[in-house]
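Note sheet for the following structure.
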Amino acid sequence: MGLLMFVAARSLEARAYDALVAAGADDITPTQARLMAQIDQGGTRVVTLAARARTTKQSAAFLVDQLERAGYVERVADPRDGRAKLVRLTARARALGDRADAAVAEALAEWEAHLGATRMRQLEETMSMLREITDPWA
């Protein structure tokens, strides 16, 4: 079962990444894209990104540095703590995110065509229930 869930998730991730590349973001690695996907709308601290990515703060900071130089993210002051910085997506990255989201939506529509609407709804309900016990950031 675990492998099946991994394969499905990897398929969606690949579709999203391929959409980024097709949109002209051929300078983003899959690892950078995964990190970008973890950035909240209002911004996220590097330490939180590291925890979500299950990597060190230093590795996450290195990826953020690369993304910042490429114009995909920016560091801004955290309004709740002036000493801290938030990593925020730039308008360029948000536009790319919209393309990736569209690719995922297309893939999910294909899944629904294959599974049927009832099974797809049940799958979504089941995954939402699992998220309650598996996603510490939900």
Checklist entry - Within a radius of less than 6.0 Å around CZ of R45, do more than 12 heavy atoms belonging to other residues, nucleotides or ligands occur? => result yes
Checklist entry - Counting only heavy atoms not in Q122, do more than 12 sit closer than 6.0 Å to its CD atom? => result yes
Checklist entry - Roughly how far, to the nearest 0.5 Å, is CD of E74 from CZ of R88? => result 4.5 Å
Next on the checklist: Applying salt bridge (charged side-chain N to carboxylate O under 4.0 Å, His left out) to R119 and E124, what does each step give before you reach the verdict?
Outcome noted: CA-CA 9 Å; R119 280 193 172 160; E124 184 173 1; over 6 Å; no
Checklist entry - Which distance, rounded to the nearest 0.5 Å, do you find between the OG1 of T48 and the CH2 of W137? => result 8.5 Å
Checklist outcome for this item: Closest heavy-atom pair, L89 versus R94, reported as atoms and distance to 0.1 Å, is O-NH1, 2.8 Å
Checklist entry - Under a single-linkage definition using a 4.5 Å side-chain heavy-atom cutoff for Ile, Leu, Val, Met, Phe, Trp and Tyr, are V76 and V73 assigned to the same hydrophobic cluster? => result no
Checklist entry - Going from OG1 on T55 to CG on L63, what distance comes out if it is rounded to the nearest 0.5 angstrom? => result 7.0 Å
Checklist entry - Are R52 and D40 close enough that some pair of their side-chain heavy atoms sits under 4.5 Å apart? => result yes
Checklist entry - Cluster question for you: counting only ILVMFWY and a side-chain heavy-atom cut-off of under 4.5 Å, with indirect links fine, are L115 and L130 together? => result yes
Item to check | Euclidean distance, H114 NE2 relative to M120 CE, rounded to 0.5 Å | outcome: 11.0 Å
Next on the checklist: Checking V64 against K85 for the side chain to side chain contact (heavy atoms under 4.5 Å, CB included) test, could you report, in this order, the C-alpha distance in whole Å, the side-chain angles of both residues, the deciding distance, and whether it holds?
Outcome noted: CA-CA 12 Å; V64 168; K85 296 282 186 185; over 6 Å; no
Next on the checklist: Just checking R92: does its CZ atom have more than 12 heavy atoms from other residues, nucleotides or ligands closer to it than 6.0 angstrom?
Outcome noted: yes
Checklist entry - What are the two closest non-hydrogen atoms of A107 and L12, and how far apart are they? => result CB-CD2, 3.7 Å
Checklist entry - Is there a path of hydrophobic side-chain contacts, each under 4.5 Å between heavy atoms of I, L, V, M, F, W or Y residues, that connects M36 with V104? => result no
Item to check | Atom of I39, atom of V87 and distance for their closest heavy-atom approach | outcome: CG2-O, 3.3 Å
Item to check | Contact summary for I28 and Y17, nearest pair of heavy atoms | outcome: O-OH, 2.6 Å
Checklist outcome for this item: Minimal heavy-atom distance between L86 and P79, with the atoms involved, is CD1-CD, 3.9 Å
Item to check | Nearest heavy-atom neighbours spanning A103 and A19 | outcome: CB-CB, 3.6 Å
Item to check | Whether T44 side chain and L49 backbone form a donor-acceptor pair below 3.5 Å | outcome: no
Item to check | Hydrophobic cluster identity match, F62 and L67, side-chain contacts under 4.5 Å | outcome: no
Item to check | Check: M5 and M1 side chains under 4.5 Å, non-hydrogen atoms | outcome: yes
Checklist entry - So with a 6.0 Å cut-off around CD of E125, is the heavy-atom count from everything else above 12? => result yes
Checklist entry - Side chains of Q66 and T31: does their closest heavy-atom pair fall under 4.5 Å? => result no
